[in-house]
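Worksheet for the structure shown next.
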Amino acid sequence: MANRTDPAAKSIRGTNPQNLVEKILRSKIYQNTYWKEQCFGLTAETLVDKAMELDHLGGTYGGNRKPTPFMCLVMKMLQIQPEKEIVIEFIKNDDYKYVRILGAFYLRLTGSDTDVYHYLEPLYNDYRKLRRKLADGQFSLTHVDEVIDELLTTDYSCDIAMPRIKKRWTLESLGSLEPRQSALEEDFEEEEENEDNEQPADELEDKTHEKDYYRGRSPTRERDRDRRRESHRHRDRDYDREYDRDYDRERGRGRDRDRDREKERDRDRERDRDRYRVREEKDYGREREGRERERRDRDRDRGRRRSYSRSRSRSRDRKEHDGGDYRKRHARSSVSPRRHGDGAEDGEPKRKKEKKEKKEKKDDGTDHPDPEIAEANRIRASLGLKPLRM
């Protein structure tokens, strides 16, 4: 909640005002102790008291890049978005120079091109000293006009990327701004007039042309001044065009580098895809060969089991056949005298006895499928009666 933008705040350049600060710097500001303790609950009125306590300006410093209190207050102004009149009062404040720099920095971030030139260019006449904290934590000496020139001419200030604004000569050609006039021009003209008044009358008559030329409002002087102004203006235009051309060239090179990197990534991706496809085909071929090998081994084992079972059944049949013939021949030809002299029951083979017993069991009806009839037949067999025939 403490880091959220005011719901009544308007979007700046199509985005949230706090997004004008890079995400890394924004997160460092949110984690800073000064932000948590001193900037919590500040409003547009109470922000002035904190701005009056500033004794230096700067972006980040130290090994872990801590933000300065100046940067925390800039972030707070982006969060609460004070009215334009309050920001202009900050800029017009002559008593506290850091309050003026704070308002100028905020206006450079959020103001229009015309407002930036209209309110910041008069600060070129402020030559007061300022303390600036560098990245290594040391302080350096600078001035108000140098900071204003940095805000108007460079792309970065205090580790923040400045929004792009139109060049001054472009706004002059569109009629949005009037040509800039130096504040020292009137002083020069007054000084020249005083020098002319102090000279004797005879010298004025002898040096008429020189007086007319060096007089502040002479047509020749005005013509030369306009010519110099035009030359400076053309020089500024050429510089701006060269700067824009270099910027476009660097952007083109950046696009070419990005395009080359994208092509290289596509080639690497295709190479990895082909390598993965070849590996899959090899794995699939190995799996198929393994399955075919298992199928052949299974068929071979099945054939072996079948042949083994057939050979066992053939040997069993052969043994039974040979054994039956042997027993028949042995029963006919070789009967031992000892068994020949035994009784009939002892001489019968065991199988005949079992068949006979089965036959007798079948005759008495005790193996009938109906349990009641089988029970009745057992009782009748014990009494010596004939079995029931059903």
Side-chain angles (χ1 to χ4, degrees), residues 2-3 17-18 20-42 44-80 82 86-111 116-117 119-163 165 183:
N3 302 333
Q18 294 194 73
L20 295 175
V21 180
E22 285 82 353
K23 182 175 177 57
I24 298 176
L25 180 56
R26 193 164 65 241
S27 61
K28 289 182 181 296
I29 292 174
Y30 292 156
Q31 297 171 5
N32 194 4
T33 306
Y34 185 87
W35 171 266
K36 296 178 181 178
E37 295 180 356
Q38 305 296 329
C39 298
F40 180 77
L42 288 181
E45 292 79 10
T46 58
L47 183 66
V48 182
D49 300 333
K50 296 296 179 183
M52 292 167 57
E53 297 175 0
L54 290 175
D55 58 353
H56 65 277
L57 63 97
T60 58
Y61 66 94
N64 52 0
R65 313 301 294 174
K66 293 181 181 179
T68 58
F70 177 83
M71 192 53 56
C72 294
L73 292 180
V74 171
M75 191 69 182
K76 194 64 181 181
M77 292 182 69
L78 292 173
Q79 184 180 6
I80 63 178
I86 298 176
V87 178
I88 293 174
E89 290 298 326
F90 277 26
I91 296 174
K92 293 181 178 180
N93 192 337
D94 295 331
D95 299 331
Y96 298 95
K97 50 190 176 183
Y98 292 104
V99 175
R100 169 173 284 186
I101 294 298
L102 182 64
F105 197 92
Y106 176 78
L107 184 65
R108 176 64 179 86
L109 286 175
T110 60
V116 168
Y117 284 108
Y119 291 106
L120 264 63
E121 281 185 345
L123 302 183
Y124 275 127
N125 302 320
D126 192 348
Y127 306 109
R128 287 181 290 182
K129 297 179 181 179
L130 296 173
R131 289 205 312 165
R132 184 166 192 164
K133 203 163 197 176
L134 303 178
D136 57 355
Q138 301 294 329
F139 290 96
S140 65
L141 182 64
T142 184
H143 299 82
V144 176
D145 58 330
E146 294 178 359
V147 177
I148 297 302
D149 186 69
E150 178 182 339
L151 293 176
L152 292 176
T153 58
T154 60
D155 296 333
Y156 273 84
S157 180
C158 296
D159 298 332
I160 293 182
M162 296 287 108
I165 58 174

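Position 1 is the first residue of the sequence; numbering continues from there. All heavy atoms count here, side chains included; hydrogens, waters and symmetry mates do not.
- Two rings, from Phe70 and Phe105, have their centers less than 6.0 Å apart.
- Of all heavy-atom pairs between Leu47 and Met77, the closest is CD2-CG, 3.1 Å.
- Counting heavy atoms from C-beta outward, Leu109 and Val74 have side chains that approach closer than 4.5 Å.
- The distance from atom OH of Tyr98 to atom CZ of Arg128, rounded to the nearest 0.5 Å, is 10.0 Å.
- At distances below 3.5 Å, not a single donor-acceptor pair connects side-chain atoms of Lys66 with backbone N or O atoms of Asn32.
- For the pair Arg108 and Val116, the tightest heavy-atom approach, listed with the atom from each and the gap, is CD-CG1, 4.0 Å.
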Run the side-chain donor-acceptor check on residues 142-154: report pairs under 3.5 Å with partners two or more places apart or on a different chain.
from	atom 1	to	atom 2	distance (Å)
Thr142	OG1	Glu146	OE1	2.8
Asp149	OD1	Tyr124	OH	3.2
Glu150	OE1	Arg132	NH1	2.8
Glu150	OE2	Arg132	NH2	3.0
Glu150	OE2	Ser157	OG	3.1
Thr153	OG1	Asp149	O	2.5
Thr154	OG1	Glu150	O	2.4
Thr154	OG1	Tyr156	O	3.2

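- For the pair Lys76 (side chain) and Cys39 (backbone), a donor-acceptor distance under 3.5 Å is present.
- Side-chain contact check for Thr68 versus Tyr34: every heavy-atom pair is 4.5 Å or farther apart.
- Put simply, CD1 on Ile88 and CG on Asn93 are 13.5 Å apart, with the number rounded to the nearest 0.5 Å.
- Asp95 is not listed as a side-chain neighbour of Met52, based on a closest heavy-atom distance of 4.5 Å or more.
- More than 12 heavy-atom neighbours from other residues, nucleotides or ligands sit within 6.0 angstrom of CG on Leu134.
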* To do: Starting from the C-alpha separation in whole Å, work towards a yes-or-no answer on side-chain contact (heavy atoms from CB on, under 4.5 Å) for Tyr117 and Ile165.
  => CA-CA 10 Å; Tyr117 284 108; Ile165 58 174; 3.9 Å; yes
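- Shown here for Ile80 and Ala44, the closest heavy-atom pair between the two residues is CD1-N, 3.8 Å.
- Aromatic ring orientation, Trp35 versus Tyr30: tilted (interplanar angle from 30° to 60°).
- When side chains are defined from C-beta on, Thr110 does not count as touching Pro17, because their heavy atoms never get closer than 4.5 Å.
- Side-chain contact between Leu107 and Leu120: present, with at least one pair of heavy atoms (C-beta onward) separated by less than 4.5 Å.
- Remark: Tyr61 OH is packed, more than 12 non-hydrogen atoms of other residues, nucleotides or ligands lying under 6.0 Å away.
- By the 4.0 Å N-to-carboxylate-O rule, Lys97 lies too far from Asp126 to be salt-bridged with it.
- Between Ser27 and Ile24 the shortest heavy-atom distance is OG-O, 2.7 Å.
- Remark: Lys50 pairs with Gln38 by the side-chain hydrogen bond (donor to acceptor under 3.5 Å, both in side chains) rule, at least two apart or across chains.
- With values rounded to the nearest 0.5 angstrom, Lys133 atom NZ is found 8.5 Å from Asp55 atom CG.
- Ile160 approaches Met71 most closely through the heavy-atom pair CD1-SD, 3.2 Å.
- The side-chain heavy atoms of Arg65 and Asp159, taken from C-beta on, include a pair separated by under 4.5 Å.
- A donor-acceptor pair is defined here as one N or O able to donate and one able to accept, closer than 3.5 Å; such a pair exists between the side chain of Arg26 and the backbone of Gln18.
- Remark: Leu73 CG to Ile29 CD1 distance equals 10.0 Å, nearest 0.5 Å.
- Atom CG of residue Leu102 and atom CG of residue Leu57 lie 10.0 Å apart, to the nearest 0.5 angstrom.
- At a threshold of 4.5 Å between non-hydrogen side-chain atoms, the residues Pro82 and Tyr106 count as touching.
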